[in-house]
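First up is the structure itself, then whatever we jot down about it.
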Amino acid sequence: MAKVRGSIVVDVEKCKGCELCAVACPKDVIQLAHEVNGKGYHYASMAKPEDCIGCASCALVCPDSCITVYRAKA
Amino acid sequence: MTEELKDIQKEENIVYKKSSLLTDNVMHYCPGCTHGVVHKLVAEVIEEMGIQGDTIGVSPVGCSVLAYNYIDIDWQEAAHGRAPALATAVSRLHPEKYVFTYQGDGDLASIGCAEIMHACNRGENIVVIFINNAIYGMTGGQMAPTTMIGQVTATTPYGRDVKLNGYNMKITELIAQLPGTCYVTRESAHTPASVRKTKKAIRKAFENAGQNKGTSFVEVVGTCSSGWKLTPEKANEWMVDNSFKEYPLGTMKDE
Ligand SMILES: Cc1ncc(C[n+]2csc(CCOP(=O)(O)OP(=O)(O)O)c2C)c(N)n1
Ligand code: SF4
Ligand code: SF4
């Protein structure tokens, strides 16, 4: 059976590092990056990209609409 | 980026992206603020209903005073608490338009208590989006009418005391009793499921306006992590443990 794979792209400069996406993710994919963005925030990034299922939970709770979600059969 | 990721991150695989009605301005809200989530839902509903050119928002005084910078529709900016009065005028002058107010709990339940009560009692054909974070966020976290007993704020450093400050006002319950309202509901926006549910409620409220049904009132119980002095995650937990007890979620009226 084809496996469903997901991925996210974070608008790094818009992210304020609130971390609510990481709390919402059922697969523990997201962690804040060690690097900071132009505003000094540690931004959301995929620590475990291979585990993402493209459920969009992270994007739904994001207050700043920073996350685009992709889903594909791989 | 690995080849595999590039393969997934293609235009045709997008399942969720920022609403096209949200401008590219970076919102001035603090990290994790409920205002951002609800702005996004309002934008998505207006976009999906295809009513961008027919919707007029009225923004309040409070942190969301600049809402007009973020959602690309027509707006008016009201004096503090007067959004329902201004929305009344806009909706009566333009009865074919979708008119909504967007208000915080200080704006709506304190200085604007009379305006919201009378607009709802007259059954003005408007939508009210009410963000209840139980505090005055913009001015530095002072007590609001909605601040709960025992809750620490800048003006209640030992917690809200009934003897001194009275009880927290459950204004949505009062509004549900007014015959002018057709739909009154209390929602939240802290989990994916609650975000989806709140979006449905906002959609229903706008559809009611399209059918001239009177006032639709959607409260969203939210957080103010800066005013509450908690991280966004802890603020959500505090809200579930405290706010939801005083402000239980659910639809009070749907006619
Ligand atoms: C006539 C008038 N009185 C008082 C103020 C000060 N003031 C600005 S915002 C605000 C309350 C904001 O609280 P709320 O409506 O809960 O919105 P939040 O910032 O929490 O989103 C107050 C009292 C004002 N701007 N104008
Ligand atoms: S799409 Fe779902 S699985 Fe992927 S990062 Fe977001 S919440 Fe986690
Ligand atoms: S002060 Fe509170 S309500 Fe205002 S933007 Fe910050 S978190 Fe949001």
Side-chain angles (χ1 to χ4, degrees), chain A residues 2-32 36-74, chain B residues 1-41 43-44 70-71 131 188-199 222-223 225-226 230-237:
Chain A
K3 197 176 161 234
V4 176
R5 286 285 321 265
S7 187
I8 61 168
V9 172
V10 177
D11 186 335
V12 166
E13 283 310 318
K14 267 198 163 175
C15 179
K16 298 171 185 163
C18 75
E19 241 180 330
L20 293 179
C21 53
V23 177
C25 176
K27 296 285 177 191
D28 263 338
V29 170
I30 303 176
Q31 272 177 22
L32 294 190
V36 293
N37 64 15
K39 290 195 296 282
Y41 289 119
H42 294 280
Y43 51 85
S45 76
M46 285 198 290
K48 292 193 275 174
E50 62 287 354
D51 286 350
C52 178
I53 52 172
C55 66
S57 295
C58 51
L60 279 168
V61 300
C62 175
D64 291 277
S65 298
C66 304
I67 303 179
T68 306
V69 185
Y70 301 81
R71 196 188 302 145
K73 288 207 170 96
Chain B
M1 191 159 64
T2 66
E3 280 307 307
E4 204 184 348
L5 275 190
K6 261 190 222 151
D7 245 20
I8 306 171
Q9 292 173 357
K10 287 186 195 145
E11 189 73 22
E12 66 263 30
N13 292 336
I14 290 180
V15 288
Y16 190 98
K17 65 170 187 205
K18 172 174 156 289
S19 164
S20 69
L21 251 64
L22 287 173
T23 64
D24 288 331
N25 296 326
V26 175
M27 292 191 192
H28 69 286
Y29 302 118
C30 308
C33 180
T34 309
H35 281 306
V37 184
V38 180
H39 280 22
K40 163 173 80 179
L41 297 182
E44 287 176 0
Y70 306 130
I71 307 178
I131 311 300
S188 70
H190 64 305
T191 59
S194 64
V195 169
R196 285 199 181 89
K197 192 158 172 287
T198 300
K199 182 171 169 186
T223 64
S225 49
S226 294
L230 295 169
T231 64
E233 183 185 1
K234 291 281 171 224
N236 274 341
E237 289 169 10

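Proteins come first, then strands; the chains are lettered A, B, ... in the order of their sequence lines, and each starts at number 1. All figures in this text were calculated on a predicted structure; none of them were measured in a lab.
- Minimum heavy-atom separation, B/N13 to A/A72: ND2-CB, 3.5 Å.
- Only the side chain of B/N236 comes within less than 4.5 Å of a heavy atom in chain A; its backbone stays farther off.
- In terms of heavy-atom proximity, B/P192 sits nearest to A/V61 at N-CG1, 3.6 Å.
- Of the two parts of B/Y70, neither the backbone nor the side chain holds a non-hydrogen atom closer than 4.5 Å to a non-hydrogen atom of chain A.
- Counting heavy atoms from C-beta on, the side chains of A/P63 and B/T34 never come closer than 4.5 Å.
- With a 4.5 Å cut-off on non-hydrogen atoms, A/C55 touches chain B through its backbone but not through its side chain.
- By the side-chain contact (heavy atoms from CB on, under 4.5 Å) test, A/A56 pairs with A/V69, B/Y16, sequence neighbours left out.
- Only the side chain of B/V195 comes within less than 4.5 Å of a heavy atom in chain A; its backbone stays farther off.
- Contact of B/K10 with chain A is made through the backbone alone, with heavy-atom distances under 4.5 Å.
- Residues of residues 38-49 of chain A lying under 4.5 angstrom from chain B, judged on non-hydrogen atoms, are A/K39, A/Y41, A/M46, A/P49 by number.
- Residue B/L22 touches chain A through its side chain alone, counting heavy-atom pairs closer than 4.5 Å.
- In this structure, the separation between SG on A/C62 and NZ on B/K18 is 11.5 Å, given to the nearest 0.5 Å.
- Only the backbone of B/H190 has a heavy atom closer than 4.5 Å to any heavy atom of chain A.
- A/V23 touches chain B through its side chain: at least one heavy atom from C-beta onward sits under 4.5 Å away, while N, CA, C and O do not.
- In terms of heavy-atom proximity, A/S7 sits nearest to B/L5 at OG-CD2, 3.5 Å.
- Nearest heavy atom pair, residue A/I8 against residue B/Q9, reads O-NE2, 3.4 Å.
- Take B/E237 and apply the salt bridge (Lys or Arg N to Asp or Glu O under 4.0 Å) test, not counting sequence neighbours, and it matches B/K234.
- Rounded to the nearest 0.5 Å, atoms OG (A/S65) and CG (B/L41) are 8.5 Å apart.
- For the residue pair B/V15 and A/G54, the shortest heavy atom distance occurs at CG2-O, 3.8 Å.
- For residues 8-17 of chain A, the pairs satisfying side chain to side chain donor-acceptor pair (under 3.5 Å) are A/K16-A/D64, with sequence neighbours left out.
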